[in-house]
Amino acid sequence: MADDPSRVAATIDLLADGKRHGYLTVPHSSNESAWGSVRVPITVVQNGAGPCLLLTGGNHGDEYEGPIALMKLARALEPADITGRVIIIPALNLPAVMAGTRLSPVDGLNMNRVFPGARDGGVTAMIAHYVTRELLPLADAVVDLHAGGKTLMLLPCTVIHELDDPDQMERSLAALRAFGAPYGLVLRELDSAGMIDTTVEGMGKVFLSTELGGGGTATPASVALAEAGVARLLSHFGLRQDAASDGRGTATRLLHTPSPDCFLTSDGRGILELMVELGGAVKRGDPVCQIHGIERPADAPSLYRAGADGLMVCRHHPGLVQPGDCLAVIASDYPRS
Ligand code: CA
């Protein structure tokens, strides 16, 4: 239960003024280390009373803008730069980030499917439980930086969910716009169980995620957007009074995925041929991609058509696909933009 004391311990004071680098120590007895632990790096920068922002990266271990931008921020940010508190965890699922894999190699779990976590779960669930029980109550807003990982490539976007509470929705949209990404996705998840997103949203707080690229790598542009977006959020949430040094980001084009038809899922296996560029516009019924069965060249490829009008915001990244793979996502303009 989330109410039970965590088995994870922070090596630093999370509540005192100043700047501290430390670890969240997660007990992990293994063949390699009998009384060992997984140590998740954490940095706290605090200057007096004020808003508290929790910044996380490496929720999935093959997404790199978050870890890069947040390690740089953890080194650079000083208490005198802010009013309030910033908690920075660049590699939330540390074992996954160390392995360069989406899931943790320790227990095979997806960090963003185990929230609110479990005190007596494995390493991944114990980290999530600590975040839920000890960190989320401190935070006024949470920003979890993602990208597409090795298997997906996305347009650079910030992501929020459609929320029932109009005030929380407005605050979330304001944060999304403040980040300044070219695109903002108001997402309806295929499966939202166990996400940090819904855990934070359920507490009535602002939660912002990103999808800043993908393919298991980062680019100069995607890292620059992560850094500038986070800097703008420090101003937006009132931790910094000065405007971010590079000013506002671009105006964000709001998109959404109102129906499951927006997601194209593979029925077969073979070589993926995309017929639309990432960011390309399609009409409902337009060809988006086809799958060539490698061992049956005489057979026509399986054609996949757009289920909605919109932009292709996400594509499968590797050339080979399997049944059940997400091939592409078509997002439509959000009606409130
Ligand atoms: Ca992700």
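Computed from a predicted structure; not experimentally measured. Read the numbers this way: they start at 1 and go in the same order the structure lists the ligands and their atoms. Just the heavy atoms: all of them, side chains too, but no hydrogens, waters or symmetry mates, feed the values below.
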J.: Identify, with sequence neighbours excluded, every residue that meets salt bridge (charged side-chain N to carboxylate O under 4.0 Å, His left out) alongside K205.
T.: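 With sequence neighbours excluded, K205 shows a salt bridge (charged side-chain N to carboxylate O under 4.0 Å, His left out) to no residue whatsoever.
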J.: For K72, look at atom NZ and say whether over 12 heavy atoms of other residues, nucleotides or ligands are found less than 6.0 Å away.
T.: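 Not buried by this count: 12 neighbours or fewer within 6.0 Å.
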J.: Does atom CE of M98 have more than 12 heavy-atom neighbours from other groups under 6.0 Å away?
T.: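 Not more than 12 within 6.0 Å, no.
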J.: In terms of hydrophobic clusters joined by side-chain contacts under 4.5 Å, are W35 and V123 together?
T.: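 No, it is not one cluster - the side chains of W35 and V123 are not joined through contacts under 4.5 Å.
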J.: Does atom CG (D164) have a neighbourhood of more than 12 heavy atoms from anything else shown, all under 6.0 Å?
T.: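 Check fails, neighbour count at 12 or below.
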J.: Checking S222 side chain against A218 main chain: does a donor-acceptor pair fall under 3.5 Å?
T.: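 Checked: no pair found.
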J.: Can you list the protein N, O or S atoms less than 3.0 Å from the Ca ion (ligand 1)?
T.: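 Only H60 ND1, E63 OE1, E63 OE2, H146 ND1 fall inside 3.0 Å of the Ca ion (ligand 1).
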